[in-house]
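Report on the structure given below.
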Amino acid sequence: MTRLRIGLAAGLGLGATALATTATAAPATALFAHQVPLVLDGAASSWILTSTALVLLMTLPGLALFYGGMVRRKNVIATITQSLGVAAVVTLAWFIAGYSLSFGIGQPVAGYSGDTVQAYIGSFDAFFLNGVTPTTAHSLTPGLPEYLWIAYQLTFAIITPALIAGAFAERIKYSGLLLFTGLWTLLVYAPICHWVWGGGFLGAAGVLDFAGGAVVHVNAGVAGLVCAIFLGARKGYGQSPIVAHNPVLTMIGACLLLVGWIGFNAGSAWTPDSIASVALLNTILAAMAGSLTWKIVEVMEKRKPSLIGALSGLIAGLVAITPAAGLVDPKGAVIIGLASGPVCYAASVWIKKLLRYDDSLDAFGIHGAGGILGALLTGVFASAAVNGVAEGATIAKQAWGLGVTIGWSAVATFVILIVCKFTTGLRVTDAQESEGLDGHLHGEVMEGA
């Protein structure tokens with residue numbers, strides 16, 4: 001258990017010395033720099049096996065149903081299929097290179113004396129999972145089989161680009177989505193993951209991200225905003241209301257996301273201990289607080305609380321608590337959750353309307369804005385009494401990490417979109433968009449569509 005706790009500090013850049021000591025204990029000729037011999041922790045492994053299944057549940061079927069219920073009936077199958085397509089592409093990209101680029105450790109870098117840390121990108125050693133065996137572990141988590149660690153981190157890599165799909169729902173070509181996903185996973189997600197969690201420069205600078213506020217939500221939200229602006233609005237957007245065809249489907253998806261988020265946040269403690277326990281409680285508290293305050297703002301403006309609004313607030317609370325889940329006490333979690341409802345409502349409704357961009361399912365409004373809020377408030381409420389790695393947390397450090405994440409995500413996403421536009425293409429034809437993507441792209445339609 002102690003080694004897992006040390007691994008968390010190392011992953012946040014606060015225990016690099018412990019990481020180096022562990023790594024150098026392994027035979028240099030037999031293991032890569034990121035590997036140590038496995039010393040199996042059965043309790044931790046059981047918890048991460050369970051958490052892996054829970055996080056995968058978030059995308060399939062959770063996010064697929066959540067998004068599928070909010071689009072028009074003619075695009076339901078296309079929207080749900082996008083989540084599955086993203087999962088398939090990311091899985092293979094992770095196997096080929098994503099894991100090595102994210103969590104591989106290269107040779108010492110100037111300014112990181114004594115640490116086997118590569119500041120900007122992981123190693124190229126473990127492509128195709130080369131060198132990974134049943135007896136190896138990652139030096140961050142010496143009690144977990146490396147295969148299990150790879151699988152758990154894969155589920156985070158899957159859901160991140162799947163979230164982006166909400167920004168351009170109902171108007172993107174399927175081939176363009178798949179190409180975008182593969183490139184984005186390797187060129188955007190993997191570097192940022194390494195910078196924060198894999199021993200890179202943001203973690204070393206003291207940037208805290210317990211379960212993915214910057215790596216997952218801000219990253220996906222900013223990329224989604226760039227995609228929404230690049231592709232342009234849906235036909236008829238702003239002229240007449242675009243109504244969710246099945247809020248009940250969205251309710252089912254949101255509940256699956258809530259349950260899966262326990263593996264996302266509490267699983268990020270890497271072992272079933274007190275930190276996992278507080279992360280679990282904080283997750284539930286923030287989710288319910290966010291749902292409540294979103295409804296309050298909605299009632300003040302529209303006089304009626306909608307189901308879609310209540311579910312959006314629920315997800316906003318989950319997003320905002322993600323970077324802080326195992327770092328703050330329950331009082332801090334409630335404050336973060338209460339703040340997330342109004343902030344994400346403003347981003348999803350007022351700011352979007354003011355700037356006139358079509359973020360179809362509010363990828364930026366909820367994940368971008370909520371992730372930024374949560375990451376900043378982590379610097380306010382992080383407590384060393386809850387988790388020792390919170391010592392020295394500040395808003396300035398968090399803002400630095402957010403600035404780097406936002407800048408790289410925006411610029412790299414824009415470049416990838418240009419590549420996709422001139423290869424596979426990105427946007428469907430006007431006729432396909434008007435008649436619906438289900439029949440045109442997939443040859444299937446919902447009964448009654």
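The shown structure was predicted, so the numbers you read here are calculated from the model rather than taken from an experiment. Below, each value reflects all heavy atoms present in this structure, side chains not excepted, and no hydrogens, waters or symmetry copies.
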- Judged by atom type as modelled, is there a donor-acceptor pair below 3.5 Å linking the side chain of Asn282 to the main-chain atoms of Val328? yes

- Side chains of Glu444 and Ile77 in contact at under 4.5 Å (non-hydrogen atoms): yes

- What residues, two or more places apart in sequence or in another chain, satisfy side chain to side chain contact (heavy atoms under 4.5 Å, CB included) together with Pro247? Leu307, Ile308

- Query: Has the side chain of Ser340 got a donor or acceptor atom that lies under 3.5 Å from a matching backbone atom of Gly370?
  - Reply: no

- Message: Can you confirm whether the side chains of Gln153 and Trp197 place a donor and an acceptor under 3.5 Å from each other?
- Response: no

- Item | Pairwise side-chain contact, Val278 with Pro330, heavy-atom cut-off 4.5 Å (strictly under) | yes

- Task: For residues Ala375 and Pro323, report the shortest heavy-atom separation together with the two atoms involved.
- Result: N-CG, 3.5 Å

- Message: Closer than 3.5 angstrom, by distance alone: can the side chain of Asp362 be matched with the main-chain N or O of Ile366 as a donor-acceptor pair?
- Response: no

- Is a donor on one side and an acceptor on the other found under 3.5 Å between the side chain of Thr413 and the backbone of Val226? no

- Query: Do NZ/NE/NH1/NH2 and the carboxylate oxygens of Arg234 and Asp358 come within less than 4.0 Å?
  - Reply: yes

- Can a donor-acceptor pair be found between the side chains of Glu146 and Thr136 at a distance below 3.5 Å? yes

- Task: State the CG-CD distance between Leu437 and Glu435, to the nearest 0.5 angstrom.
- Result: 10.5 Å

- So Phe95 and Phe128, would you call those rings parallel, tilted or perpendicular, with 30° and 60° as cut-offs? perpendicular

- Query: Is any side-chain heavy atom of Trp149 less than 4.5 Å from a side-chain heavy atom of Leu140?
  - Reply: yes

- Query: Which heavy atom of Gly68 sits nearest a heavy atom of Ile80, and at what distance?
  - Reply: CA-CG1, 4.1 Å

- What's the verdict on ring pair (Phe, Tyr, Trp, His ring centres under 6.0 Å) for Tyr120 and His194, showing C-alpha distance, side-chain angles and the deciding distance? CA-CA 7 Å; Tyr120 303 107; His194 181 77; 8.9 Å; no

- Item | Leu144 backbone acceptor or donor facing Thr141 side chain under 3.5 Å | no

- Message: The test is side chain to side chain contact (heavy atoms under 4.5 Å, CB included); show your working for Gln398 and Val207 and say whether it passes.
- Response: CA-CA 5 Å; Gln398 297 300 101; Val207 174; 4.1 Å; yes

- Note on the structure: d(Leu129 CG, Trp94 CH2) to nearest 0.5 Å is 10.0 Å

- Item | Leu154 and Thr91, any side-chain heavy atoms less than 4.5 Å apart | yes

- Would you give the length of the straight line joining atom SG of Cys227 to atom OH of Tyr357, rounded to the nearest 0.5 angstrom? 13.5 Å

- Item | Steps toward side chain to side chain contact (heavy atoms under 4.5 Å, CB included) verdict (Met58, Leu256) | CA-CA 6 Å; Met58 292 175 68; Leu256 290 169; over 6 Å; no

- Message: Less than 4.5 Å apart, side chain to side chain, heavy atoms only: is that true for Ile229 and Phe168?
- Response: no

- Neighbour count above 12 (heavy atom, 6.0 Å) for Lys421 NZ: no

- Is the shortest heavy-atom distance from the side chain of Pro342 to the side chain of Trp294 under 4.5 Å? no

- Message: Less than 6.0 angstrom separating the ring centers of Phe156 and Phe264, yes or no?
- Response: yes

- Item | Pair Glu170 + Arg72: basic N to acidic O under 4.0 Å | yes

- Message: Is the ring pair Tyr99/His34 parallel, tilted or perpendicular, if the boundaries are 30 and 60 degrees?
- Response: perpendicular

- Query: Okay, side chain of Ser100, backbone of Ser123: is any donor-acceptor separation there less than 3.5 Å?
  - Reply: yes

- Query: Considering all heavy atoms of both residues, which atom of Gly166 and which atom of Ser360 are nearest to each other, and what is their separation?
  - Reply: O-CB, 3.3 Å

- Dump the intermediate steps for ring pair (Phe, Tyr, Trp, His ring centres under 6.0 Å) on Trp270 and Tyr152, then the final yes or no. CA-CA 10 Å; Trp270 306 346; Tyr152 182 59; 8.4 Å; no

- What distance do Ile315 atom CD1 and Leu257 atom CG have between them, rounded to the nearest 0.5 Å? 4.5 Å

- Note on the structure: Per side-chain contact (heavy atoms from CB on, under 4.5 Å), Trp261 is matched among Leu314, Ile321, Thr283, Ile284 by Thr283

- Got a donor-acceptor contact below 3.5 angstrom from the Asn219 side chain to the Ala214 backbone? no

- Backbone N/O of Leu280 and side chain of Asn265: donor-acceptor pair under 3.5 Å: no

- Residues Ala347 and Ala369: closest non-hydrogen pair is CB-CB, 3.6 Å

- Query: Taking atom OG1 of Thr79 and atom OH of Tyr67, what is their separation to the nearest 0.5 Å?
  - Reply: 10.5 Å

- Message: How close do Ile164 and Ala220 get, counting heavy atoms only, and between which atoms?
- Response: CG1-O, 3.6 Å

- Task: Carefully, step by step, assess Ile372 and Ile406 under the rule side chain to side chain contact (heavy atoms under 4.5 Å, CB included).
- Result: CA-CA 10 Å; Ile372 291 170; Ile406 291 169; 4.0 Å; yes

- Note on the structure: The reported gap from CG in Leu148 to OG in Ser51 (rounded to nearest 0.5 angstrom) is 9.0 Å

- Query: Should Thr81 and His442 count as side-chain neighbours, where that means a heavy-atom distance under 4.5 Å?
  - Reply: yes

- Student check: side-chain heavy atoms of Val218 and His367 closer than 4.5 Å: no

- Task: Work out which heavy atom in Ile336 is nearest to a heavy atom in Leu373; give both atom names and the distance.
- Result: O-CD2, 4.3 Å

- Going through the checks in order, is the side chain to side chain contact (heavy atoms under 4.5 Å, CB included) test met by Val216 and Thr322? CA-CA 9 Å; Val216 176; Thr322 293; over 6 Å; no

- Side chain of Thr52, backbone of Ile48: donor and acceptor closer than 3.5 Å? yes

- Compute whether any side-chain donor of one residue and acceptor of the other, for Asp329 and Ser383, lie under 3.5 angstrom apart. no

- Query: Hey, does the side chain of Asp209 reach the backbone of Val215 with a donor-acceptor pair shorter than 3.5 angstrom?
  - Reply: yes

- Query: Is it true that Arg427 and Glu433 make a salt bridge, defined as a side-chain N closer than 4.0 Å to a carboxylate O?
  - Reply: yes

